[in-house]
Peer 1: 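Structure in structure tokens, see below.
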Amino acid sequence: ATQHRLWPEIDRISVEQLRYARLGVGEGGWQLFAEDGEMKMYKREEESNGMVVDPLKACHVVRGVTGHEMCHYFFSPDVRMEWETTVEQMTVIEKIADDTLVFLQVHKRIWPASQRDALFWSHMRQVPDHNDRDGHDIWIVCNHSTDNSDFPQSNNGKCVRVTLTVCLVCQTFIDPPKDGAKITRDDITCKITYCSVVNPGGWAPASVLRAVYKREYPKFLKRFTAYVIDQCKDKPIMF
Ligand SMILES: CCCCCc1ccc(-c2ccc(S(=O)(=O)CCO)cc2)cc1/C=C\c1ccccn1
């Protein structure tokens with residue numbers, strides 16, 4: 001089959017985002033702005049022609065689920081509205097492949113800014129992780145804004161379109177149980193790196209945006225990881 005016109009970009013951005021996620025937060029001016037148990041959230045304060053576009057990097061360790069499970073639920077359109085509280089409306093406008101969809105999401109208006117929507121492709125892939133001895137495969141979901149002539153920006157002037165690049169990179173660690181016993185969820189740990197850069201599209205007060213991110217990102221990651229743990233607890237392990 002001939003490849004989809006977006007495939008070269010999807011492949012390039014996914015590879016680039018995996019590399020970016022695996023860079024530590026030691027260098028590059030990351031500042032810790034939220035901490036909750038194993039979850040640590042860092043940001044860099046950046047503006048692009050007067051608009052706040054602060055990159056975010058969150059690191060978290062979740063016990064009892066695999067990276068495949070984390071990415072499966074993050075990618076799945078069917079369950080998105082169960083954990084994503086800032087989304088008012090979500091549509092899959094194109095299915096490029098089983099592991100690659102195009103989403104249109106209208107986000108709830110955050111006063112006093114105008115309402116936003118986001119149109120992005122979402123791609124999930126497994127990356128063999130040869131260089132980590134005890135680490136297992138890495139699973140990644142990458143979301144990146146794209147254009148679609150059927151869904152032009154600011155539909156009837158209602159929403160301002162944001163541009164975003166997001167990646168969720170998950171690595172599974174298994175603590176092998178005693179002499180060949182069956183692996184249970186108690187033996188599994190998932191190391192997560194969530195990176196996001198959201199350009200608000202139209203002007204929004206820096207103070208409002210920074211307050212939104214400071215409040216919403218920790219909530220978002222805590223809620224999402226709790227959702228996956230709850231969904232997986234009585235199901236067979238998806239390695
Ligand atoms: C003035 C407000 C401008 C921001 C509005 C906004 C735009 C985009 C997004 C957003 C956040 C996470 C993703 S994702 O990780 O790909 C998962 C799929 O939904 C995609 C989009 C959110 C929000 C608004 C709130 C907000 C901001 C951070 C964190 C959580 N909510």
Side-chain angles (χ1 to χ4, degrees), residues 10 13-14 17 20-21 33-34 36 39 41-48 50-60 70-93 99-124 139-146 151 153-154 158-170 192-228:
I10 292 168
I13 301 280
S14 299
Q17 284 297 304
Y20 172 72
F33 75 89
D36 185 320
M39 184 178 75
M41 292 210 143
Y42 305 84
K43 70 169 184 175
R44 281 203 316 257
E45 298 214 343
E46 282 178 18
E47 309 207 352
S48 153
M51 286 187 294
V52 164
V53 291
D54 299 357
L56 175 117
K57 182 177 274 198
C59 304
H60 197 5
M70 273 289 164
C71 286
H72 168 80
Y73 287 102
F74 186 73
F75 175 80
S76 168
D78 305 346
V79 300
R80 173 123 337 143
M81 298 307 277
E82 318 235 319
W83 57 268
E84 244 292 24
T85 56
T86 68
V87 170
E88 191 174 273
Q89 193 187 355
M90 178 220 66
T91 320
V92 174
I93 60 168
D99 63 7
T100 310
L101 303 172
V102 181
F103 288 88
L104 176 59
Q105 291 189 167
V106 178
H107 285 260
K108 290 172 183 165
R109 180 166 183 249
I110 295 173
W111 187 88
S114 42
Q115 188 163 33
R116 257 74 182 172
D117 67 8
L119 196 151
F120 56 91
W121 52 255
S122 183
H123 173 60
M124 175 163 67
W139 282 84
I140 173 172
V141 174
C142 188
N143 296 344
H144 182 76
S145 290
T146 189
F151 299 89
Q153 306 224 11
S154 77
K158 190 173 77 116
C159 285
V160 172
R161 176 126 332 147
V162 305
T163 49
L164 59 86
T165 302
V166 163
C167 72
L168 179 71
V169 175
C170 300
I192 295 172
T193 304
Y194 172 86
C195 300
S196 98
V197 180
V198 176
N199 182 316
W203 189 79
S207 56
V208 168
L209 276 169
R210 288 191 167 125
V212 166
Y213 295 157
K214 190 172 170 70
R215 186 185 68 236
E216 293 294 337
Y217 273 120
K219 236 167 70 179
F220 161 86
L221 199 59
K222 275 186 68 162
R223 183 180 171 86
F224 171 65
T225 51
Y227 174 78
V228 176

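Each ligand, and each atom within it, is numbered from 1 in the order the structure gives.
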Peer 1: Between Tyr194 and Phe224, does the ring centre distance come in under 6.0 Å?
Peer 2: no
Peer 1: Report the residues that fulfil side chain to side chain donor-acceptor pair (under 3.5 Å) with Arg44, sequence neighbours left out, ordered by chain and then residue number.
Peer 2: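 Testing Arg44 for side chain to side chain donor-acceptor pair (under 3.5 Å), a comparison that skips the adjacent residues, returns Glu46.
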Peer 1: Rounded to the nearest 0.5 Å, what separation is found between the OG atom of Ser14 and the CH2 atom of Trp121?
Peer 2: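 Ser14 atom OG to Trp121 atom CH2 measures 4.5 Å (nearest 0.5 Å).
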Peer 1: Strictly by modelled atom types, are Glu88 and Gln115 linked by a side-chain donor-acceptor pair under 3.5 Å?
Peer 2: yes
Peer 1: Which N or O atoms of ligand 1 sit under 3.5 Å from a protein N or O, and how far apart is each pair?
Peer 2:
residue	atom	partner	partner atom	Å
ligand 1	15 (O)	Tyr194	OH	2.7
ligand 1	16 (O)	Asn143	ND2	2.8
ligand 1	19 (O)	Glu84	OE2	2.6
ligand 1	19 (O)	Gln105	OE1	3.4
ligand 1	19 (O)	Gln105	NE2	2.9

Peer 1: Looking at every non-hydrogen atom in both residues, tell me the closest pair between Ala118 and Val162 and how far apart they are.
Peer 2: CB-CG2, 3.7 Å
Peer 1: Can you measure from NE2 (His107) to OG1 (Thr86) and round to the nearest 0.5 angstrom?
Peer 2: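 Going from NE2 on His107 over to OG1 on Thr86, the span is 5.0 Å.
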